[in-house]
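As the structure is a computational prediction, the values presented were derived from the model and not from experiment. FYI, side chains are in, hydrogens and waters are out, and symmetry mates aren't considered; it's all heavy atoms of this structure.
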Amino acid sequence: MPQLTVNFAGLRSRSGPLSLGHANILRSIAVDEDPSRLNLAMVFDAPAAGGLDRVAEQLRTLLERHESLRTTYRLTTPPSQHVAAEGRLNVPVVESEPAPTSTSTSTSATATATATATATAETSAQDPLAVAERTARELRSQIFDLESELPLRAAIVTAGGVPRHLVWVVSHAAMDVAACELLHAEWAALSAGEPLPPAAALEPIDVVELEGTPAVKRLGESAVRYWESQLRRVPQAMFTPSRTAPAKSDWLHAGLQIRSRSAPGHLAAIAERTGASASTVALAALAVLVGHRTGHSTVVTTSLSGNRVVRKLRWFFGSLAQDALLPVEFAELSGFDDAVRQVRSAGLPAYRHSWFDPTAVWQVINGVSAERGISFARDLVFNDMSALATAAGSPEQSARSRLPAVWIPGHQPEPVEDPELGGSVGWVPAEDIPCRFFACLYRLDGEFELTLWVDPQTLDQEEAEEFGRALLRLLRAAAEGDLPLKDLAGLTGLAPVERGPGWYLVDRSWVELGSVRDLLANVLGEVPHHVTAVPDAELGHRLVCHLAAPADPEDIHPRTLAALPGRVAAIAPHTYVVHEGAPDTGDPDAWADLPVVAESTGRTRERDEA
């Protein structure tokens, strides 16, 4: 395959530690079983005039402009980054000339139909945009060696030798979604023959110095305290498939695309009434529906934050994204407007505390989880990428497909809307996304576009479609006036999940007693034991594990906590009671009649006394 070589030289070489957001992304890449999930892929239109030389020159401009594209890493402890002063990027050139169609003169209807279908498939397969998307997916699936290669791959798709599309695949270590927005604007300007303004933003290594200032250090310390206080009260997980669900084998989830030209007006009406942004209204609608569906009065969302709140970072090109932990309590609220205001109020501290030392926050997550006997699950994730559609300098306000897969600005087909629904709900190809419910908000201007990547154990295809329709119905109804939250089922048609016997609300989390028993059986093996749920005024229910002596809860409890991740419908027992022997009968109540040898807490004393 022919290729271009894009050389850069005469630049600044330097090394240094990682910023907080940067370190957070590198940690995610290091622990992910499939780091290719954290690659970002884009397909941009390429300028035809000037041929391959012009495309190569534009790539050189971007490489020289942004240090993050010329950076390799040392994945030691602590990790570090190294910016190259010179180097090269090899860029394959992929020709996509359409295959010739059949010239058969057969009069057979079947033969004609077959030939037409074959020719159509071949032409579609060789369409430059289809070739570019396929190439982007192939390059995205390859894991970067961040210690030895640039964090960037590119390819040029041509038709008859004329450049048509640029394929850009980059490690999340080098760019986040906000940087994708900047890249698109810069590529569009270069393709239009416009010069780029001088680069004025900080480079990734410079951010480390900024984070060392007293003001930012105080912000990070405050963020750790915020996360600790919120984690002590949130549910373990929002979505809790039963123990009878099939074992999880992959995280390949189909995407439900929700589009509506009416919804932006609905969002604007609600926003004006509540004083919230359209994005906040959309998040509130999602959170309210998730709470209604799952039976949680506290809905905790992990919202991705670009962390460009400091003026010096507004145009930062690199990776700063971290999580904002956004729990909202809906129990005392009566109407949807109050829910929107509650999300707006909760969002302010959540985003303010999304700039933190990831090592410190993970210590807090693990520490609080151990204290509560839970395993905190990041299973409801919200990513507002609507700025991508309205970025200054971005000529396209739609996209054929969007990140987290392949972002293709423009080329978006018009949806066929259901007049009664005021929008459309349809499926897009599956993606490998390691969380149970990932909501990506892509557009708010002119058209509402949101994709839900949903674990089928959370919502099957029919339930997911009903969730999407319920969202549009909720926005349309709320645009006309405030809605009682108690009327959600009738207004939206979305049914709450049905929980049969054996489910208990324990410390704000929905727990399946059978899942807890499976957990302890896995840990204890042949040791006689029995787990019960006891009503508790503070927690709702308290889990008690009865054991036959000899048994050591001080050994059993840590092993139980270690086996907990992934078991979102189980938590560790609150109390371990060791008895003399085990009942002779299968009657669970018989354990209570046995003499007690010892009793041990499964929580810290501070937690029990709180």
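In this structure, NE2 in His22 is found 11.0 Å from CG in Asn24, a value given to the nearest 0.5 Å. Atoms CD1 and OG, from Ile270 and Ser277 in turn, are 12.0 Å apart once rounded to the nearest 0.5 Å. Taking CD1 of Ile156 as the start and OG of Ser96 as the end, the distance is 12.5 Å to the nearest 0.5 Å. Between atom CZ of residue Phe144 and atom CG of residue Leu152 there is a gap of 6.5 Å, rounded to the nearest 0.5 Å. The distance from atom CG of Leu252 to atom CG of Asp455, rounded to the nearest 0.5 Å, is 10.5 Å. The CZ atom of Arg27 sits 10.5 Å away from the CG atom of Asp32 when rounded to the nearest 0.5 Å.
A donor-acceptor pair is defined here as one N or O able to donate and one able to accept, closer than 3.5 Å; no such pair exists between the side chain of Trp227 and the backbone of Trp362. A distance-only check finds a donor-acceptor pair linking the side chain of Ser319 to the backbone of His172 [under 3.5 Å]. Side-chain N or O atoms of Ser260 include one that pairs as donor or acceptor with a backbone N or O of Gly422 at under 3.5 Å. Using a distance-only test at 3.5 Å, with no hydrogens or angles considered, a donor-acceptor pair links the side chain of Glu95 to the main chain of Gly161. Arg308 contributes no side-chain N or O that, together with a main-chain N or O of Trp315, makes up a donor-acceptor pair within less than 3.5 Å. With hydrogens and angles ignored, the 3.5 Å screen pairs a side-chain donor or acceptor of Arg273 with a backbone N or O of Ala478. Remark: the backbone N or O of Arg140 is paired with a side-chain donor or acceptor of Asn39 at under 3.5 angstrom. Checked by atom type and distance alone, the side chain of Ser68 pairs as donor or acceptor with a backbone atom of Ala174 at under 3.5 Å. Under a 3.5 Å cut-off, the side chain of Arg164 and the backbone N or O of Val157 do not form any donor-acceptor pair. Side chain of Arg70 to backbone of Leu63: a donor-acceptor contact under 3.5 angstrom is found.
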Practice task
Go through the steps to decide whether Tyr73 and Ile29 satisfy the test side-chain contact (heavy atoms from CB on, under 4.5 Å), and finish with yes or no.
Solution key: CA-CA 12 Å; Tyr73 301 88; Ile29 292 172; over 6 Å; no
Problem - Worked check of side-chain contact (heavy atoms from CB on, under 4.5 Å) between Leu286 and Leu450 - result: CA-CA 11 Å; Leu286 284 168; Leu450 178 139; 4.0 Å; yes
Practice task
Would you please test Asp337 and Arg341 for side-chain contact (heavy atoms from CB on, under 4.5 Å) and show each step?
Solution key: CA-CA 6 Å; Asp337 284 8; Arg341 295 186 184 100; 3.5 Å; yes
Exercise for the section: Might you work through the side-chain contact (heavy atoms from CB on, under 4.5 Å) test for Asp250 and Asp432, ending with a clear yes or no? Expected result: CA-CA 8 Å; Asp250 61 52; Asp432 191 5; 5.8 Å; no
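Residues satisfying the ring-ring contact (aromatic ring centres under 6.0 Å, His included) criterion with Phe317, sequence neighbours excluded, are His66.
No side-chain donor-acceptor contact under 3.5 Å links Gln257 and Thr451. At a cut-off of 3.5 Å, with distance as the only test, a side-chain donor of Asn90 or Thr5 sits close to an acceptor on the other residue. Between the side chains of Ser354 and Asn307, at least one donor-acceptor pair of N or O atoms lies under 3.5 Å.
For Thr71 against Pro151, the heavy-atom pair with the smallest separation is O-CD, 3.1 Å. Nearest heavy atoms, Ala339 versus Ala284: O-CB, 4.3 Å. Arg88 approaches Leu150 most closely through the heavy-atom pair O-CD1, 3.7 Å. Considering every non-hydrogen atom in both Leu4 and Ala56, the closest pair reads CD1-CB, 3.8 Å. Closest of all the heavy-atom pairs between Tyr351 and Ser303 is OH-OG, 2.6 Å. Contact between Leu40 and Met175 at its shortest, heavy atoms only, is CD1-O, 3.4 Å.
Looking at Asp176 and Leu320, their side chains come closer than 4.5 Å, going by heavy atoms from C-beta outward. Within the 4.5 Å cutoff, no side-chain heavy atoms of Leu183 are placed close to those of Trp407. Between Ser222 and Phe356 the shortest side-chain heavy-atom distance does not fall below 4.5 Å. Taking the side chain as every heavy atom from C-beta outward, Leu11 and Glu64 approach each other to under 4.5 Å. Within the 4.5 Å cutoff, side-chain heavy atoms of Trp168 are placed close to those of Leu62. Using a 4.5 Å heavy-atom threshold, the side chains of Thr158 and Leu52 count as touching. Using a 4.5 Å heavy-atom cutoff, the side chains of Asp379 and Phe437 are not in contact. Phe44 places none of its side-chain heavy atoms less than 4.5 Å from the side chain of Ser191.
The neighbour count for Glu209 CD, taken as heavy atoms of other residues, nucleotides or ligands under 6.0 Å away, does not exceed 12. The 12-atom threshold is exceeded at CZ of Arg352, counting heavy atoms of other residues, nucleotides or ligands nearer than 6.0 Å. When the shell of 6.0 Å around CD of Glu194 is examined, it contains more than 12 heavy atoms from other residues, nucleotides or ligands. The environment of CZ in Arg37 is crowded: more than 12 heavy-atom neighbours from other residues, nucleotides or ligands sit within 6.0 Å.
A salt bridge links Glu57 with Arg60: the closest approach of a Lys/Arg side-chain nitrogen to an acidic carboxylate oxygen falls below 4.0 angstrom. Salt bridge present: Glu67 and Arg14 bring a charged side-chain N and a carboxylate O closer than 4.0 Å. Using a 4.0 Å cut-off between a side-chain N of Lys or Arg and a carboxylate O of Asp or Glu, Glu431 and Arg137 qualify as a salt bridge.
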